[in-house]
Amino acid sequence: MRAERHEQLRRPVDAPRGRRPVAHALGSRSARAVLRPEFGAFVGTVLIYLFFVAAAGGSGFVTLNGTASWLNVAAELGIVALPLSLLMIAGEFDLSIGSIIAGSSLVVSIAVTRYGVPLGAAVALALALAGLVGLLNGIVTVKTGLPSFIVTLATYLSVAGLTLGFARLLTGTTQVSLEASGPLHDAFTVTVGQFGIAIVWWLALAILASWILTRTRFGNWVLATGGDLETARSAGVPIHRVKVLLFVGTAMGAALLGVLQTMEYNGGDASRGQSYVFNSIIAVVIGGVLLHGGYGSAVGVCFGAMTYGLVSIGVFYTGWNTDWVQLFLGVLLLAAVLGNNFFRKLATRAR
Amino acid sequence: MSPRFTGGGRVVAALVALLAAAIGLGACGSGSSGQSTAAGSTTAGSGSTAKPVHVINVNVPPNAPYSSAWKLGTEQAAKDLGNVTTEWLAPSDLNNPGPDLAQLGRAAVAKHPDAIIFANYLPDAQGPGIRAAVKAGIAVWEANGGGQFNWERDGALGFFGADERQSGEQSGRLLAQAGVHKGLCVNHVPGNPGTEARCAGFADALAAAGADSKVLTIPSSDSSNPTAVTQDIKGALKADGAVDGVYTLGSDIAEFALKALDDSGEAGKVEIGTSDLSVPVLKDVRDGKLLFAIDQQTYLQGYLSVVAAVEWARYGLRPIGVVATGPLPIMQQDAARVLALQSSGVRGAG
């Protein structure tokens with residue numbers, strides 16, 4: 001069985017285009033499940049949507065405007081969740097994205113308003129700094145063998161401290177306004193009606209992530225690294241390089257959202273982004289990625305983000321007493337995950 | 001030791017070593033250094049021959065405009081008065097404020113400064129620590145939060161701050177005067193006594209004017225996400241079309257409420273006012289988009305409380321009782337002047 005797995009892992013390198021190489025890597029029974037990990041997430045999303053149509057229909061939830069409400073939230077969550085999902089499929093966590101969102105928002109704002117740096121260079125700087133943080137996360141995790149949970153928790157705290165310290169040192173405040181304009185600014189803020197351009201960024205990232213995961217050798221490596229580390233290593237998968245690259249990607253995804261929100265909300269804020277630390281993991285898990293890695297799809301994560309967006313915004317359209325809002329969030333999320341789970345098991349058993 | 005060191009050479013070496021040690025010790029003893037407690041930081045004003053005074057602030061982390069401005073006020077006072085060391089002891093986050101603030105209070109007492117200024121947000125948890133400080137012979141002031149009702153009982157020498165409930169009442173009155181019939185208080189820090197008091201005052205003032213009111217709770221999982229807060233407010237406004245007045249408790253929340261209003265196409269039908277300032281908020285008040293902004297003037301709280309502590313330590317002088325630093329309502333006609341005087345950090349966000 002082990003020899004067979006070795007063979008299967010080697011084969012993806014030469015797997016013919018057009019056939020899903022992942023299927024070869026993981027054996028035929030798992031292949032069918034992997035082919036539809038998003039089915040459960042899709043059903044969960046639809047059920048939650050129908051629930052809110054029933055509970056909140058009269059308040060404009062089903063209008064275009066109402067749809068834009070939750071879709072905008074889902075899109076921004078998706079931008080962070082998609083790179084993170086690749087990392088989690090490879091078996092690692094990243095808690096530092098919250099601080100990176102805040103940090104990048106202030107890097108851009110302070111560079112432009114206090115140092116006259118052109119907007120494009122400031123955005124590039126923010127992304128580069130985030131990439132460095134991701135590199136640090138990755139190198140420390142693979143070199144020391146410590147759980148990434150701990151390593152990225154330490155980075156989360158450190159980056160938060162650096163952000164606040166530098167913000168107050170350089171500007172005396174924790175919120176820095178930025179009124180920008182021009183094509184780069186528009187690329188992050190243009191809207192069609194109420195629908196924000198974040199949706200386009202999200203879909204582009206989804207296509208990219210999906211392509212990486214299902215059509216490239218690197219994607220196979222990601223799945224293999226998360227599935228069985230030792231087998232992957234002995235089959236020649238460069239697991240350390242894979243992990244470091246995924247950490248860099250996750251950090252830069254967080255910075256991308258930080259930059260986007262900076263443009264959208266005309267400034268940076270040291271306290272931004274903290275909710276994404278757990279919301280992004282929730283979206284990824286609802287999307288069908290297993291917590292211990294080795295399994296998942298980008299489309300599923302998109303549905304996970306949509307489910308979370310629906311739940312967190314829908315409760316406000318219902319007009320229910322918001323003192324209880326966190327209870328509603330918890331119950332609805334649990335219901336979504338249970339529904340997701342049920343249908344995923346149904347789908348895998350039917351094959 | 002090199003064999004070339006002769007007797008005379010050894011004496012010179014010893015003198016050099018002694019000199020280096022003296023310089024090193026001297027450098028350690030003065031100047032401002034960042035203290036690495038959970039979140040402590042020190043500022044020392046220099047160049048004065050007045051008696052040195054050590055003041056500790058026990059407060060929240062300076063990661064929001066109002067607390068950042070507060071800390072700036074304390075630091076500026078130290079600089080202006082000269083020979084004053086101020087410290088800012090705060091937990092690294094507000095996930096466990098009661099126990100954390102109580103613990104920092106004990107740490108402050110153990111350092112035995114000349115004065116401690118307590119931001120008494122949670123009187124039940126912090127009270128014992130404050131009273132212990134008084135008993136230890138340290139001069140104690142309370143600022144902000146629930147301190148207004150407890151400072152005398154705790155044995156503090158005075159109180160600096162704005163009454164949160166009064167801020168809420170003022171907002172309610174201003175909105176009622178503008179013709180609001182149903183007000184919405186957007187509480188983005190649910191469970192916090194300060195924000196709860198503001199919403200309670202708001203509700204009272206509206207009720208007294210014959211209007212209705214309710215509270216919108218923004219869950220903590222959304223409060224650091226501008227898109228989520230904007231959409232939450234938009235959803236709430238859509239779900240209840242009777243709401244025609246909104247009171248937000250943070251300068252950034254006011255901006256999100258304005259955006260929510262624009263997005264839902266109801267601009268002009270709903271009046272919005274806020275507590276706490278920022279440059280964008282001031283501009284919106286000046287341009288008539290926001291009805292008012294209420295400033296609790298935390299910079300003044302920080303500045304004046306340190307001045308009082310220093311004057312008491314040096315000369316036995318102090319203000320009597322409550323020094324109210326707010327609420328100061330800023331309406332459209334005041335906004336331009338405030339903007340012209342705005343310098344970074346003094347009123348919050350820059």
Side-chain angles (χ1 to χ4, degrees), chain A residues 56 58-61 65-66 68-70 72-73 75-77 98 101-102 113 157 160-161 163-165 167-168 171-177 179 194 196 198 261 264-267 269-276 278-279 309 312-326 329, chain B residues 34 39 41 61-69 71-72 75 92-93 186-187 190 214-228 230-241 250-252 255-256 259-260 262-265 278-280 283 343-350:
Chain A
S59 62
F61 181 72
N65 198 338
S69 262
W70 60 264
N72 284 332
V73 171
E76 295 190 358
L77 179 58
I101 293 172
T113 60
L157 292 170
T163 302
L164 184 63
R168 295 196 79 253
T171 71
T173 74
T174 61
Q175 280 180 0
V176 179
S177 316
E179 285 175 30
Q194 308 296 333
Q261 286 193 333
E264 209 183 342
Y265 297 99
N266 298 308
D269 186 339
S271 60
R272 225 173 253 170
Q274 289 166 24
S275 52
Y276 283 101
F278 285 114
N279 295 352
S312 64
I313 300 303
V315 287
F316 290 92
Y317 277 86
T318 58
W320 295 337
N321 186 341
T322 57
D323 287 347
W324 306 87
V325 71
Q326 285 178 290
L329 283 176
Chain B
S41 69
N63 58 6
Y66 79 94
S67 50
S68 178
K71 184 163 187 258
L72 262 180
E75 290 164 353
S92 51
D93 57 56
V186 179
N187 189 346
K214 71 184 205 186
V215 176
L216 175 68
T217 302
I218 306 280
S220 56
S221 52
D222 282 353
S223 56
S224 62
N225 182 355
T227 309
T230 306
Q231 302 304 336
D232 293 348
I233 297 176
K234 179 167 134 187
L237 287 174
K238 292 231 118 175
D240 187 347
S251 52
D252 48 345
E255 297 301 310
F256 304 148
K259 185 161 199 283
D262 280 341
D263 276 1
S264 64
S278 68
V279 169
K283 287 187 177 160
S343 76
S344 198
V346 164
R347 298 196 99 117

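Keep in mind it's a predicted model, so treat the numbers as computed, not measured. Every chain is numbered from 1, with letters handed out A, B, ... down the list of sequences.
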For a 4.5 angstrom cut-off between non-hydrogen side-chain atoms, does A/Tyr265 reach B/Thr227?
yes
Is any side-chain heavy atom of B/Phe256 closer than 4.5 Å to a side-chain heavy atom of B/Ile218?
no
Any donor-acceptor pair under 3.5 Å from B/Ser224 side chain to A/Ser275 backbone:
yes
Considering only heavy atoms, which portion of A/Val73 lies under 4.5 Å from any heavy atom of chain B: side chain, backbone, both, or neither?
both
Side chain / backbone / both / neither for A/Leu329 at chain B, heavy atoms under 4.5 Å
side chain
Most heavy-atom pairs under 4.5 angstrom with chain A, which of B/Ser223, B/Pro190, B/Ala64?
B/Ala64
Do B/Ser220 and A/Gln326 have a side chain donor and acceptor closer than 3.5 Å?
yes
Of the listed B/Ala236, B/Pro226, B/Pro219, B/Ala228, the one with the largest count of heavy-atom pairs under 4.5 Å with chain A is B/Pro226
So, the part of A/Phe61 with a heavy atom under 4.5 Å from chain B: the answer is neither
With a 4.5 angstrom heavy-atom cut-off, which part of A/Ile313 approaches chain B: side chain, backbone, both or neither?
both
A/Ser59 side chain vs A/Tyr317 backbone, donor-acceptor pair below 3.5 Å
yes
Please report the shortest heavy-atom distance between A/Arg272 and A/Gly267, naming the atom on each side.
NH1-O, 3.0 Å
Could you tell me which portion of A/Asp323 (side chain, backbone, both or neither) has an atom closer than 4.5 angstrom to a non-hydrogen atom of chain B?
both
Check: B/Ser68 side chain, A/Gly172 main-chain N or O, donor-acceptor pair, under 3.5 Å
yes
Contact check, side chains of B/Lys214 and A/Asn321, non-hydrogen atoms, under 4.5 Å:
no
Tell me which of these, A/Gln194, A/Glu179, A/Arg168, has more heavy-atom pairs under 4.5 Å with chain B than the rest.
A/Arg168
Counting only heavy atoms closer than 4.5 Å, note whether B/Asp240 contacts chain A via side chain, backbone, both or neither.
neither
Let's test your reading of the structure: which of B/Leu237, B/Thr230, B/Thr217 forms the most heavy-atom pairs below 4.5 Å with chain A?
B/Thr217
Out of A/Gly314, A/Ser271, A/Gly319, A/Gly161, return the one with the most heavy atom pairs under 4.5 angstrom to chain B.
A/Ser271
